[in-house]
Number of protein chains: 2
Amino acid sequence: MYTPAEAVEETGFSLDTLRYYEKIGLLERVDRNAAGQRRFSEEDIGWLGTLRCLRETGMPIATMLRFAELVRAGDHTVPDRIKLLEEHDRQVQEQIANLIERQDYIHHKISYYRSLL
Amino acid sequence: MYTPAEAVEETGFSLDTLRYYEKIGLLERVDRNAAGQRRFSEEDIGWLGTLRCLRETGMPIATMLRFAELVRAGDHTVPDRIKLLEEHDRQVQEQIANLIERQDYIHHKISYYRSLL
DNA sequence: ATTCCACCTGGAGCGTGCTCCAGGTCAACC
DNA sequence: GGTTGACCTGGAGCACGCTCCAGGTGGAAT
């Protein structure tokens, strides 16, 4: 079990973000201690790792939410989860290709400026 | 000379965005025809191409604005422009590396889900 | 000539994803 | 037992980057 501060440390999300994710249903009702303070399970931390990966690769919250719902709905949604991740993977691939192309332009621009010195 | 519609076509920015960029000073006062309608020069279009590249690689508007000011300030700012672009290039490199790493995680996740079928 | 349609300006509004705040409860260490 | 500090909730606010709107002018094709 992780205290809120530990969960922040482990996941890299701010505490406000963790509460927000719980509020909107990205994170299922997190356990509480007697005083009502959150105690994140190992599983929560793992799931937050997945969320972090999706988020950092640009998946919108709404799509993450759909994914979360699929996960909650049980094993029969595995094919749908694959579809969702594959689609996302394509978008990540596009992002990478786009960045590399634009980076090339930036390199040319830098070279050009260097040639002026 | 390009009409607004042509500039939209050439640059991929919406007309509202072009007006916005002019308003905040990313684009220097664009020429007008007698009726006050914008006529974008070849140079404007080229500069918008640069802006598009910076924007798509995640440069914040505020930084683009600093770059625009350097460009306007004249040739003596070339070293500063190089510095700015090099710093941005590093950030783009980081983005790419990060995406590739996360993509790997996504691939593993997909493989895992496939193994369940 | 008329009917469109592109375009204008200034300013308000919006979608996303948090982030912050007030006002309060516990808990834990000294 | 007192103080400090982590945490709670509900809700407001914010940063960013556009996007839309009202109300109006001008130009171009039929």
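As the structure is a computational prediction, the values presented were derived from the model and not from experiment. Naming convention: chains lettered A, B, ... in sequence-line order (proteins, then strands); numbering from 1 in each chain.
- Atom OH in A:Tyr20 sits roughly 18 Å away from atom P in D:dG13 (whole-Å rounding).
- Under 4.0 angstrom from either OP1 or OP2 of D:dC18 there lies at least one side-chain N or O belonging to B:Tyr21.
- Ion pairing between A:Glu69 and A:Arg72 fails under the 4.0 Å rule for side-chain N and carboxylate O.
- Within the nucleic acid shown, B:Ala62 has no heavy atom closer than 4.0 Å to any nucleic acid atom.
- Within the nucleic acid shown, B:Phe13 has no heavy atom closer than 4.0 Å to any nucleic acid atom.
- Comparing B:Ile61 and A:Pro4 against DNA chain D, the residue whose closest nucleotide sits nearer the 5' end is A:Pro4.
- A salt bridge links B:Glu22 with B:Arg32: at least one charged nitrogen is closer than 4.0 Å to a carboxylate oxygen.
- The stretch residues 26-45 of chain B touches DNA chain D through B:Ala35, each having a heavy atom under 4.0 angstrom from the strand.
- At least one side-chain nitrogen or oxygen of B:Ser14 sits closer than 4.0 Å to the OP1 or OP2 atom of D:dT19.
- Between A:Glu86 and B:Arg114 there is a salt bridge, with a side-chain nitrogen of the basic residue lying less than 4.0 Å from a carboxylate oxygen of the acidic one.
- Atom CG in A:Leu18 sits about 14 Å away from atom C1' in D:dC8, given to the nearest Å.
- For the pair A:Leu15 CG and D:dC7 C1', the interatomic distance rounds to 8 Å; values are reported in whole Å.
- When heavy atoms are screened at a 4.0 angstrom cut-off, B:Arg55 is found touching the sugar-phosphate backbone but no base atom.
- The interatomic distance linking B:Leu65 (CG) with D:dC18 (C1') rounds to 15 Å, in whole Å.
- Cation-pi contact between A:Arg81 and A:Phe67: absent, since separation from the ring centre below 6.0 Å together with deviation from the ring axis within 45° is not met.
- Applying the 6.0 Å contact sphere to CG of A:Asn33 captures more than 12 heavy atoms from other residues, nucleotides or ligands.
- Geometrically, B:Arg39 does not engage B:Tyr2 in a cation-pi contact defined by less than 6.0 Å to the ring centre and at most 45° from the axis.
- The existence of a salt bridge linking B:Arg52 and B:Glu56 is confirmed by a sub-4.0 Å separation between a basic side-chain nitrogen and an acidic carboxylate oxygen.
- Think of the region where chain A sits on DNA chain C: with heavy atoms and a 4.0 Å cut, that region ends 5' and 3' at C:dG17 to C:dA27.
- Within the model, atoms CD1 of A:Ile24 and CZ of A:Arg19 stand 14.5 Å from one another, a figure rounded to the nearest 0.5 Å.
- Comment: A:Glu87 does not engage A:Arg66 in a salt bridge, judged by the lack of any side-chain N to carboxylate O separation of less than 4.0 angstrom.
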